[in-house]
Amino acid sequence: MANYLIKRILMLFPLLIGITLITFTVIHLAPGEPVEMQTAMSPKVSAESRARLREFYGLDKPLHVQYGLWLSHLAHFDFGRSFAPDNRPVTDKITERIPITLSLNVIALILEFGLAIPIGIMAAVHRDTLLDRGISVFVFVGFAVPTFWLALLCMYFFGVKLSWLPISGIHSLGSEHLPPLARFWDMVKHLMLPVAIATFGSLAGLSRYMRSTMLEVLSQDYITTARAKGVKERVVIYKHALKNALLPVITLLGFSLPGLIGGSVIFETIFAIPGMGQLFYQGVMARDYPLVMGILVIGACLTLVGNLLADLCYAFADPRIRHGRG
Amino acid sequence: MSLSRCLTLVLAALIFAGCAKGAPEEKARAQVGVPAGGDALVTGSIGEPSNLIPILSADSASSDVAGLVYNGLVRYDKNLKLEGDLAKSWEVSPDGLGITFYLRRGVKWHDGQEFTSRDVLYTYRVTIDPKTPTAYAEDFKQVQSAQAIDPYTFRVRYAKPFAPALASWGMPILPAHLLEGKDITKSPLSRSPIGTGPFVFKEWIPGQRVTLERFADYYEGAPHLSRYVYRIIPDSSTMYMELKAGGIDMMGLSPVQYQRQTSTREFLARFNKYRYPASAYTYLGYNLRLPLFQDRRVREAITCAINKEEIIAGVLLGMGQIAHGPYKPGTWAYKPQVADPAYNPARAAALLKEAGFVMGQDGMLAKNGVPLSFTIMTNQGNDQRLKCAQIIQMRLKRVGIDVKIRVMEWASFLTNFIDKGRFEAVLLGWTIGQDPDLYDVWHSSKTGPKELNFVGYKNPELDRLIVDGRGTFDVEKRRACYYQIQDILAHDQPYTFLYVPDALPVVSSRIKGIEPAPAGIMHNLIKWRVKAD
């Protein structure tokens with residue numbers, strides 16, 4: 001097991017370097033440069049000041065030198081400074097935005113699993129009844145409705161018409177003067193709409209998946225045996241069937257690890273939430289190479305770690321993988 | 001604890017919080033949907049500022065905020081005339097080469113230090129310093145020598161008379177005592193600026209808001225508003241809902257919002273709408289390096305075939321006016337009666353016939369078997385420009401010209417098409433500068449790659465007039481040059497000038513003291529006040 005683990009961990013490094021090399025090349029292939037984005041179509045910018053800016057950002061060096069420099073910084077856990085006019089360290093820009101994205105995604109993920117699993121079970125148990133069909137319609141409506149449209153409608157209804165919930169942002173103005181509990185409640189109110197809409201939109205996939213694995217398990221012989229023995233239906237479903245049906249779903253949970261730091265641009269833009277999605281989008285649009293690379297490297301690391309964890313779990317469960325046979 | 005008890009507690013805490021602070025505005029804001037009270041002005045902005053040291057940033061959000069925190073030596077007044085700001089007055093030497101600024105005494109930086117000519121000299125030096133990554137060095141590079149004669153006198157000399165020079169001293173002046181000898185790119189001032197302006201920087205919560213507070217020692221007197229909050233709301237529909245719900249006091253409306261969504265009695269009771277021409281125009285530019293567009297008759301025919309009124313009605317819902325040239329109507333350089341070709345499809349047909357195009361069986365024009373066809377390119381994300389292109393397409397089809405439309409992402413558009421001259425016609429816009437100098441966009445020396453005369457317009461007569469216009473401080477002489485320039489452009493039609501849109505700001509009616517003027521509404525911000533309600 002230890003051997004397997006070491007092998008897998010050592011494998012991560014060439015993989016990561018490969019990923020950075022490809023992303024670095026691809027992002028530089030996109031037409032336009034950060035300097036251009038800042039200076040284009042401005043009558044006040046001469047060729048000389050443009051050259052000055054390129055030199056300042058190190059864009060005048062050949063591409064492989066730029067990559068080497070970037071990689072050597074990365075080796076010291078330094079993502080460099082942003083190519084936006086603020087020229088701040090990329091790490092600062094990312095860390096100030098990660099908490100909100102992470103907490104939103106974690107809450108949405110918990111809600112999503114917490115709702116989708118019971119919904120899926122219910123649909124499976126009451127297969128082909130009116131309830132099952134009703135649930136199908138409900139989750140597919142959530143899947144099909146464009147979230148931005150639903151978000152705008154809800155904002156108008158709950159925010160403007162009823163004045164129950166705030167429309168955008170994550171804090172009210174002046175909320176910094178509130179006591180901690182009230183301040184927390186203020187934030188909860190701001191997050192209700194985004195979390196509810198994000199969850200509603202993603203229920204369909206998971207609940208359908210849960211339904212089908214549950215149905216598969218319910219058709220197994222041991223379930224028939226249990227029923228034949230006279231075990232109560234509740235116990236059959238929640239004890240014997242659910243345990244086995246949940247396994248693939250839990251694997252799915254492992255795969256959502258890298259998704260936790262990613263945010264949706266449209267969503268964050270509509271709700272004015274300063275999260276990672278907006279940061280990344282603006283970075284790409286402004287050709288802010290260090291920022292884009294920084295976010296991609298974090299995402300790549302999380303994906304690799306997520307995969308590693310998933311594989312380790314399999315290895316733990318399945319001796320054939322552990323011992324390299326099979 | 002039961003849920004309802006928990007809620008009661010939270011509510012109690014909320015109410016208590018409001019009372020404890022005693023500040024009425026705080027209480028109002030903590031509740032949802034209650035119109036903003038107190039004497040803070042909350043505005044919405046699509047973009048977030050990038051850097052609050054003005055010479056290091058080029059985006060409008062940064063300059064909006066910086067404009068309230070800093071002052072320049074001069075500024076444009078409400079009638080768009082230059083007036084003294086940190087300079088009490090100035091003198092242009094008889095040969096037109098030197099400008100002497102007499103600075104105001106007793107002006108304080110926000111940290112209490114006094115403002116002197118040393119700050120002006122520093123701002124000039126750091127801007128032209130090759131190590132400073134600024135896009136704004138160009139105007140200051142024309143300066144031959146700059147000296148601080150005494151703490152309240154500052155003199156610059158130019159190698160040749162340069163009229164835009166005066167306005168270039170509207171550049172925000174930076175505090176020398178905080179920056180001199182330091183690396184400006186690493187200065188904390190870029191996130192928490194210190195200026196001489198009417199508002200003091202208080203805090204910047206990234207992605208959420210920038211808060212400014214009244215500067216009690218402001219040289220023109222402290223602003224009436226106690227705070228100015230700049231909220232970052234990246235989506236305009238969201239911003240509009242925030243406005244209606246009382247989350248912001250001020251925003252710029254779109255023509256649809258202005259015309260169709262904000263005319264209810266309830267809305268008009270809560271908000272005041274304003275309307276004045278924006279400092280920008282939209283145009284259809286032709287690649288003059290192509291044989292097709294080298295023929296002036298073809299360009300004039302296209303202009304004649306386009307109904308500009310219809311574009312304004314369709315795209316702006318009437319919220320704009322026809323552009324006849326590169327200036328804003330009502331400004332001193334704008335020539336009121338310029339012979340810009342009017343909508344006249346018959347004349348368009350005649351001109352095209354004269355240019356050798358023959359109408360074919362299919363109703364489309366062709367010359368020597370080659371159909372008259374071209375592509376209009378515009379940038380992605382600007383719906384007005386796309387609509388505009390579609391209306392033009394429809395009109396040109398009626399006279400037999402086949403137009404295709406291509407929409408491109410901005411960066412690719414610039415790099416792959418504009419810079420390489422690989423375009424036929426473009427639909428874009430320019431901001432109209434305060435100074436009427438047109439050198440960068442129209443002079444024949446600016447047709448190189450990445451330069452702004454990308455359509456490749458070259459006219460020696462126009463070049464001479466541009467150089468003459470910027471070479472004198474005499475407004476009458478300058479005006480004569482710019483009038484002639486507008487006649488030449490109307491005749492040559494290197495662009496079809498389409499429209500000058502209106503700026504459509506809306507402000508909560510609890511804000512009093514707003515005085516609309518040619519410069520807009522923001523010029524007397526320090527006089528704005530809140531009526532207690």
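Only this structure's heavy atoms are used, side chains among them; waters, hydrogens and symmetry mates stay out. Per chain, numbering begins at 1; letters A, B, ... match sequence-line order.
A:Thr269 places no side-chain N or O within donor-acceptor distance of the main-chain N or O of B:Pro234, the cut-off being under 3.5 Å.
Contacts between B:Gln380 and chain A at a heavy-atom distance below 4.5 Å are absent for every atom of the residue. Interface residue B:Thr134: backbone and side-chain heavy atoms are both found under 4.5 Å from chain A. When heavy atoms are compared at a cutoff of 4.5 Å, B:Ile55 does not approach chain A at all. With a 4.5 Å cut-off on non-hydrogen atoms, A:Glu55 does not touch chain B at all. Only the side chain of A:Arg81 comes within less than 4.5 Å of a heavy atom in chain B; its backbone stays farther off. B:Ile232 touches chain A through its backbone: at least one of N, CA, C or O sits under 4.5 Å from a heavy atom, while the side chain does not.
Heavy atoms from other residues, nucleotides or ligands lying under 6.0 Å from CD1 of A:Ile27 number more than 12. The number of heavy atoms from other shown groups lying within 6.0 Å of OH (A:Tyr281) does not exceed 12. By the neighbour-count criterion of 12 heavy atoms within 6.0 Å, atom NZ of B:Lys141 is densely surrounded, having more than that number from other residues, nucleotides or ligands. Remark: B:Phe267 CZ is packed, more than 12 non-hydrogen atoms of other residues, nucleotides or ligands lying under 6.0 Å away.
Between the side chains of A:Ser168 and B:Arg231, at least one donor N or O sits under 3.5 Å from an acceptor N or O.
The side chain to side chain contact (heavy atoms under 4.5 Å, CB included) test with A:Leu173 is passed by exactly one of B:Arg227, B:Gln208, B:Arg209: B:Arg209.
Contact record, A:Glu96 with B:Pro206: OE2-CB, 3.1 Å, taken as the closest heavy-atom pair. Taking each heavy atom of B:Asp235 and A:Ile270 in turn, the nearest pair found is CB-CA, 3.9 Å.
The distance from atom NZ of A:Lys161 to atom CE of B:Met241, rounded to the nearest 0.5 Å, is 12.0 Å. How far CD1 of B:Ile248 is from CD1 of A:Ile167: 9.0 Å, rounded to the nearest 0.5 Å. Atom-to-atom distance recorded for B:Leu56:CG and A:Asn87:CG is 8.5 Å, nearest 0.5 angstrom. Put simply, CG on A:Asp86 and CG on B:Leu52 are 10.0 Å apart, with the number rounded to the nearest 0.5 Å.
Heavy-atom pairs under 4.5 Å with chain B peak, among A:Glu268, A:Gln282, A:Met155, A:Gln278, at A:Met155. Across B:Arg191, B:Met239, B:Lys446, the residue that shares the most heavy-atom pairs under 4.5 angstrom with chain A is B:Arg191.
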Please walk me through it: do A:Arg88 and B:Asn51 pass side chain to side chain contact (heavy atoms under 4.5 Å, CB included)? CA-CA 10 Å; A:Arg88 294 169 68 207; B:Asn51 189 325; over 6 Å; no
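By the 4.5 Å heavy-atom criterion applied to side chains, A:Phe56 and B:Thr185 are counted as neighbours. Here the side chains of A:Met285 and B:Trp410 are not in contact, with every heavy-atom distance at 4.5 Å or above.
Salt bridge absent: B:Glu48 and A:Lys93 never bring a charged side-chain N and a carboxylate O closer than 4.0 Å.
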